[in-house]
Number of protein chains: 2
Amino acid sequence: MSTYPPFAVAVDLAVFTIRDGALAVLLVERGEEPYAGSWALPGGFVEPDEDAEQAAWRELREETGMERFPGHLEQLKTYSAPDRDPRMRVVSVAHVALAPDLPEPSAGTDAADARWWVVDDLLEGRDDLDGPALAFDHRQILLDARERVRAKLEYTTLATEFVAEPFTLPELRRVYAAVWGAPPDLGNFRRKVLGTEGFVVPTDVRGQATEAGGRRALLYRRGPAQVVSPPMARG
Amino acid sequence: MSTYPPFAVAVDLAVFTIRDGALAVLLVERGEEPYAGSWALPGGFVEPDEDAEQAAWRELREETGMERFPGHLEQLKTYSAPDRDPRMRVVSVAHVALAPDLPEPSAGTDAADARWWVVDDLLEGRDDLDGPALAFDHRQILLDARERVRAKLEYTTLATEFVAEPFTLPELRRVYAAVWGAPPDLGNFRRKVLGTEGFVVPTDVRGQATEAGGRRALLYRRGPAQVVSPPMARG
DNA sequence: CCAAAAGTGTTCCGTATACACCCATGA
DNA sequence: TCATGGGTGTATACGGAACACTTTTGG
């Protein structure tokens, strides 16, 4: 029979939102060693009386400062390399969260600072100064998280988690544009969303016009549908 | 700053194969409390110098008695409910493994017995005697694992992991029939597999005829392709 | 009346679907 | 030559790709 080696179990969070037409992720600046001064995904240890998902919701509330986090949360993958944390053996259950555009976050208790970063600036290895290198194995976690989000937009209704209700179809289309890098074809997009029963439910209200004028778009709310079949076409 | 509560970290394995035209999973009969005499997914604790995936490969070799397990392994999900193990706080990183038809397994060191079970007999809640109830939260893990396999067959080439090389297309088609409950349309199936570059690579050899005669099918090997786009149609 | 943004329609074409039909083999 | 299983062909229709066009609103 094997021994029962002691581990610490943590959760790490890749919290995504759409800011200025780009996919953005919440990072915190670490105040303590190791990696003091580096930027990392928010996270923390799982408490004795909670499971990983509850720990993730708790961290989400703490880091965003919101009583009730208004978005989607799901488990991503568990990272367990023996040397991923130099202090001790830490296994991290990574999660992905999606939220509509949120206010600038405030620094948490154990973080020096917290802010949103454009994901592509962090991950695309361009030499001209972009985002900072990430602490621990968080670059890999962020890569996996972005891929999960990209894939799930194709065959689920998850895009609606990135917009606040009520929302317009052009708003929703800009979510796809931000995540995929290019907007889906306008006509095909509308036929897909409106043709998928339960994707969105229309209201009889129209949104505000922009400064420069233009037709005012109809407002919608999220519908009960979860999957889109066949998948939304990726530009 | 939070405390660092101690956890045990384990891996559990849902090892699938196709036996007699049905999806089957490997279970072990527990020899110790808790749940002594119950059937459970094979698994064990992660050692100090390995990550979860290495632990899963090790358990796979131990449980199947094979030096080199001839199949596919991937992480499924992590289960961490505080009361999932009555002895102590155990977090389990569940994995899914796929293998071609394997010999009857031998009982491992800490298991009283080990055998294959038809998955539907374990999961479909028919009242007439089927499979046994599973230990811990392993019924839920098995449900999630089956769903992962079903889904992945649609948009990946993973079905080839269920057959031993070289294999015929009818053999491969029977994999889909077993997992989905009904075979995909013959013509469409062939066009899909042969039309997806790198799904299979043909040999110039034909397989054996069955007792009752009939045309001998061409033999193929796995190709380098990983994804099938658009997905294989689910009956 | 013009620009900007929302929304509609239409043609083309690949391909999934469903099903009928032909080929090879052993008893 | 018949049953069995492997393999091929085809009419239909759905839906994505691309793009032109119409409608509504503010300046």
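Treat the numbers as computed from the prediction; the structure is a model and nothing was measured. By convention in this document, chain letters (A, B, ...) are assigned in the order of the sequence lines, proteins followed by strands, and residues within each chain are numbered from 1.
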Between the side chain of [X] and the main-chain N/O of [Y], is any donor-acceptor distance below 3.5 Å?
X: B:T17; Y: B:A99; result: yes
X: B:T157; Y: B:F199; result: no
X: B:R61; Y: B:R68; result: no
X: B:R206; Y: B:R216; result: yes
X: A:K192; Y: A:P230; result: yes
X: A:E165; Y: A:R222; result: yes

**OP:** Do nucleotides 19-27 of chain D as a string where each nucleotide becomes B, S or -: B if the base has a protein heavy atom under 4.0 Å, S if just the sugar-phosphate does, - if no protein is that close.
**Re:** B---BBBSS

Starting from [atom2] on [N], measure out to [atom1] on [X] and report it in whole angstrom.
X: A:L169; N: C:dG7; atom1: CG; atom2: P; result: 6 Å
X: B:E171; N: D:dG5; atom1: CD; atom2: P; result: 14 Å
X: B:F189; N: C:dT15; atom1: CZ; atom2: C1'; result: 17 Å
X: B:Q208; N: C:dA24; atom1: CD; atom2: C1'; result: 15 Å
X: B:L218; N: D:dT8; atom1: CG; atom2: C1'; result: 15 Å

Original post:
Do A:R84 and A:D12 meet the salt-bridge criterion of a basic N to acidic O distance under 4.0 Å?
Top reply: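 Judged by the 4.0 Å cut-off on N to carboxylate O distance, A:D12 and A:R84 do form a salt bridge.
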
**OP:** Would you mind checking if A:R139 and A:E124 are paired as a salt bridge, meaning a charged N to carboxylate O distance below 4.0 Å?
**Re:**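 Judged by the 4.0 Å cut-off on N to carboxylate O distance, A:E124 and A:R139 do not form a salt bridge.
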
Original post:
Does A:R115 make a cation-pi contact with A:W117, if we ask for NZ or CZ under 6.0 Å from the ring centre and within 45° of the axis?
Top reply: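 Yes, A:R115 sits over the ring of A:W117.
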
Subject >> Donor-acceptor pair between A:D51 and B:Y79 side chains, under 3.5 angstrom >> reply: no

Original post:
Looking just at side-chain N and O atoms, do B:E74 and B:H72 make a donor-acceptor pair shorter than 3.5 Å?
Top reply: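 Yes, a side-chain donor-acceptor pair sits under 3.5 Å.
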
**OP:** Report yes if at least one side-chain N or O of B:R190 is closer than 4.0 Å to OP1 or OP2 of D:dG6; otherwise report no.
**Re:** no

**OP:** Give, ordered by number, those residues of residues 191-202 of chain A having at least one heavy-atom distance below 4.0 Å to an atom of DNA chain D; if nothing qualifies, reply none.
**Re:** A:R191, A:K192

Subject >> Near-strand residues of residues 157-168 of chain B, defined as heavy-atom separation under 4.0 angstrom from DNA chain D >> reply: none

